[in-house]
2 protein chains.
Amino acid sequence: MTETTLTEQHRELLDQVLDKWSLQILEALCGSPLRFNELRRAIPLVTQKSLTAALRRLERNGMVERVVTGTRPVAVEYRITPLGDSLQDLIDALLHWTTETLPAVERARASFDDA
Amino acid sequence: MTETTLTEQHRELLDQVLDKWSLQILEALCGSPLRFNELRRAIPLVTQKSLTAALRRLERNGMVERVVTGTRPVAVEYRITPLGDSLQDLIDALLHWTTETLPAVERARASFDDA
DNA sequence: CGGTATCCAGAAAGATACTG
DNA sequence: CAGTATCTTTCTGGATACCG
């Protein structure tokens, strides 16, 4: 039997890769690799600081790869890794679940907010 | 074709039901319904405030049900709903993924932290 | 028992300016 | 282009006290 307890390590990993900006970064990169400023444009509300932080976290956890190509001016490309691809499957499952349950959730919210 | 874009609504829902405490609450409740202080004991590090806030959020989104039984003293039972059960399946998938990829993630972290 | 209310400290996030 | 540094503000989370 495999152990199925939700430990702090599991939760920490999920927190680091499923946060607000990381979801959108992964979604943007799953089509094709993008440069830093291309990512900024793909995710309109993100600040430079938050984008940098999220990218570093994803890179540290092996989900994206940072590739420096040019030298003057510097060109940096971010691409999804195989590990990131497996995460993308999971995100698709999350997205599928939200799409399915959102109507019921909205009904629950409306009835809760009445009371 | 179904639309598979990650909108703000989808992300908001995930944020509200997949946060640190909600994951542990759902895990605790999936066995059997629990009272408020039983939940506190089941999740050692949670404060009263955080537990209350997470329970209200889960209740509002239709994931758990709050059942008041006694009158003096008050007895409150929290039980998982069918919607919460569907979320539990998803959490199992998350847990399965973390269990599978954690070794690779730890290698990635070690190599990142070296540089 | 099952909460609410209040206060406060520390972390996170936004704005701005600067750099190789 | 791709960031870093700094400052400020905002939000979260813990500690504590109290209530029906």
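Here the structure is a predicted model, which is why all the values come from computation and not from measurement.
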Donor-acceptor pair, distance only, cut-off 3.5 Å: does the side chain of A:S22 make one with the backbone of A:D19?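 Checking the backbone N and O of A:D19 against the side chain of A:S22, no donor-acceptor pair under 3.5 Å is found.
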Test your reading of the model: is there a side-chain donor-acceptor pair from B:T101 to the backbone of B:A104, 3.5 Å cut-off? no
[X] [atom1] to [N] [atom2], straight-line distance once rounded to whole Å:
X     : N      : atom1 : atom2 : result
A:L34 : D:dA2  : CG    : P     : 11 Å
A:L55 : D:dA2  : CG    : P     : 11 Å
A:K20 : D:dT12 : NZ    : P     : 11 Å
A:E38 : D:dG3  : CD    : P     : 13 Å

Kindly state each residue pair satisfying salt bridge (Lys or Arg N to Asp or Glu O under 4.0 Å) with at least one member in [range], sequence neighbours excluded.
range                      : value
residues 97-111 of chain A : A:R109-B:E12
residues 78-95 of chain B  : B:E77-B:R79
residues 32-49 of chain A  : none

If you compare all heavy atoms of [X] against all heavy atoms of [Y], which two are closest, and at what distance to 0.1 Å?
X     : Y     : result
A:G62 : A:T81 : O-OG1, 2.6 Å
A:V17 : A:M63 : CG1-CG, 4.0 Å
B:V46 : B:L51 : CG2-N, 3.7 Å
A:L90 : B:L94 : CD2-CD2, 3.3 Å

Check: Going by an N to O cut-off under 4.0 Å, is there a salt bridge joining B:D15 and A:K20?
Finding: no
- Most 5' of B:F36 and A:W21 on DNA chain C, judged by nearest nucleotide: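 Upstream on the strand: B:F36.
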Please give me every residue in residues 40-50 of chain B whose heavy atoms get under 4.0 Å of an atom in DNA chain C, ordered by residue number.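 Contacts with DNA chain C under 4.0 Å: B:Q48, B:K49.
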Quiz item: Can you tell me if the side-chain N/O atoms of A:Y78 get under 4.0 Å from OP1 or OP2 in D:dC1?
Solution: no
Looking at A:R56, does any N or O in its side chain come under 4.0 Å of the phosphate oxygens OP1/OP2 on D:dA2?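 For D:dA2, OP1/OP2 do not have a side-chain N/O of A:R56 under 4.0 Å.
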Original post:
Do B:H10 and B:T7 meet the criterion of a side-chain donor-acceptor pair at a distance under 3.5 Å?
Top reply: yes
Q | Net bend of the helix from C:dC1-D:dG20 to C:dG20-D:dC1, end axes of five pairs each, nearest 10 degrees | A |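 Rounded to the nearest 10 degrees, the bend comes out at 50°.
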Taking heavy atoms of chain B and a 4.0 Å limit, find me the 5'-most and 3'-most nucleotide of DNA chain C within that range.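 Here the contact window of chain B covers C:dC1 to C:dC7.
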